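Inspection log for the structure reproduced underneath, given as structure tokens.
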Amino acid sequence: MKNYVLGAVSTVALMSASVAVAEPQAEVLHWWTSGGEARSVAVLQQEFADNGGTWTDMPVAGGGGDAAMSALRARVLSGNAPTAVQLKGPAIQEWYEEGVLADISAVAEEQGWADVLPASIAGHMQCDGTWCAAPVNVHRVDWIWANADVLEANGIEMPTSWEEFNAAAEALQASGIIPLAHGGQAWQDATVFEAVALGILGPEGFHKAFVELDQETLTSDEMVAVFDQMRVMRGFVDPNFPGRDWNLATAMVMNGEAAFQIMGDWAKGEFLAAGLVPGEDFLCASTPGDGFLYNVDSFAMFAVDGEDRQAGQALLAELIVGPSFQEVFNLNKGSIPARTDVSLDAFDSCAILSAEDMAASSENGSLLPSYAHGMALRGAQSGAITDVVTAHFNSEMSSQEAVEQLAAAIANSL
Ligand code: BGC
């Protein structure tokens, strides 16, 4: 017993000696490069520096993170993984299965993450019972943003059904306003598609299609109607949409060139960074229909050598889930905190609506993972869906052909 106690004490002494000399370092791979995003990640950089950390930034531009994920693959394959990576949803599990993630359970347990995170979020952060990622926020994807003056000048209310949306868009188009600000990038097509799909299929149908990959739902008349609506939406975007970044589409709504954008609430981060006020300059509403599509940003730590880098990982994980970061970061980012114990007093009406709708949808079973933002499916399946969505949006493909391709692509990807 005596020996055991002595042994334990000397281990602790050794550990604190090494912690004392370790200078937290982190090379952080992320895709937060737009105005609102950069403002948000700066909060983490500042907190890390304030706590003695040295941050090496590895931003990889490209909304939705496709380019960042390619960069990550290249780094891991070359045996030189970054210390911390913006990673989310099933991709966390996919990397865990490759055996390349660090276990951050010690920090999670010490900080009591299980007590402050909703079970639905905690589930994404755990791999085989260990903690393998730290959640930053909850973004909602199924939002519609509007320029308040443009709507008022044209006598248009925020649409509450897709029929109303189409009628409003036609009226705006007739007045020379671009109804829908959109960037023709596959992930943006997928973002609009999943909002339309949630509205038309309903939460249960969405779950069947994009979580269960149920062939009957994928080829149903309702899915044909989803593609029909996408064809209508295609008529509401301007000719210069191909390749446009999402934040430039948001800017079109800000300056009144366009009326609406369908985009997750990182778009609100852009409005806020430009000094605009929700409810006055711009409006937010959930896209027509029931349900809530969540997209939780998180960071995973990759297994790396070196006490400094490991200390950096522990510090980052602790700060990310810490209450002060969760508040300040999310005020900038447009999302709401992942922690349930952060006061929303400082948050705006769109964030409050998001939190209320999230709680209600969690109660009634309509809280759903976003497929377009990598929360619902593994990469092969979500990629297969997006390929069809974007091929349909950018061609004359019929809705019937699209559902057939969708079903075939899913069957091939399994
Ligand atoms: C991420 C957001 C990011 C957005 C645009 C989403 O997938 O979750 O954090 O702002 O992509 O890049």
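Bear in mind that the values here come from a model prediction, so they are computed numbers and not experimental data. Both counts, for ligands and for their atoms, begin at 1 and track the order of listing.
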> Rounded to the nearest 0.5 Å, how far does CE of M230 lie from NE2 of H392?
Replying inline: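 The NE2 atom of H392 sits 8.0 Å away from the CE atom of M230.
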>> Let me confirm one number: the OG1-CG distance from T83 to L316, rounded to the nearest 0.5 Å.
In response: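 Nearest 0.5 Å value for the OG1-CG distance: 7.5 Å.
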>> For atom 7 (O) of ligand 1, tell me which residue out of K88, H30, M375, Q86 has the closest non-hydrogen atom.
In response: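 Nearest heavy atom to atom 7 (O) of ligand 1 lies in K88.
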>> With a 4.5 Å cut-off on side-chain heavy atoms, are Y96 and Q126 touching?
In response: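 Sidechains of Y96 and Q126: no contact.
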What protein heavy atom lies closest to [atom]? Include the residue and the distance to one decimal.
atom                    : value
atom 2 (C) of ligand 1  : K333 NZ, 3.5 Å
atom 6 (C) of ligand 1  : H373 ND1, 3.5 Å
atom 12 (O) of ligand 1 : E37 OE2, 2.9 Å
atom 8 (O) of ligand 1  : D297 OD1, 2.7 Å

Just jot down the ligand 1 atoms closer than 4.0 angstrom to any heavy atom of [X], in number order.
X    : result
G64  : 5 (C), 7 (O), 11 (O), 12 (O)
N295 : 1 (C), 6 (C), 7 (O), 8 (O)
W246 : 5 (C), 12 (O)

> Given Q93 and E97, is the side chain to side chain donor-acceptor pair (under 3.5 Å) satisfied, shown in steps?
Replying inline: CA-CA 6 Å; Q93 313 294 326; E97 287 159 18; over 6 Å; no
>> Under 4.0 Å, counting heavy atoms only: does G65 come that close to any atom of ligand 1?
In response: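 No heavy atom of G65 comes that close to ligand 1.
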>> Strictly below 4.0 Å, N to O, side chains only: are R39 and E270 in salt-bridge contact?
In response: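 No, no charged N to carboxylate O under 4.0 Å.
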> What about the rings of W246 and H182, do their centers lie closer together than 6.0 Å?
Replying inline: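 No - the distance between ring centres of W246 and H182 does not fall below the 6.0 Å cut-off.
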>> Between S40 and E37, do the side chains contain a donor N or O and an acceptor N or O under 3.5 Å apart?
In response: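 No donor-acceptor contact under 3.5 Å links the two side chains.
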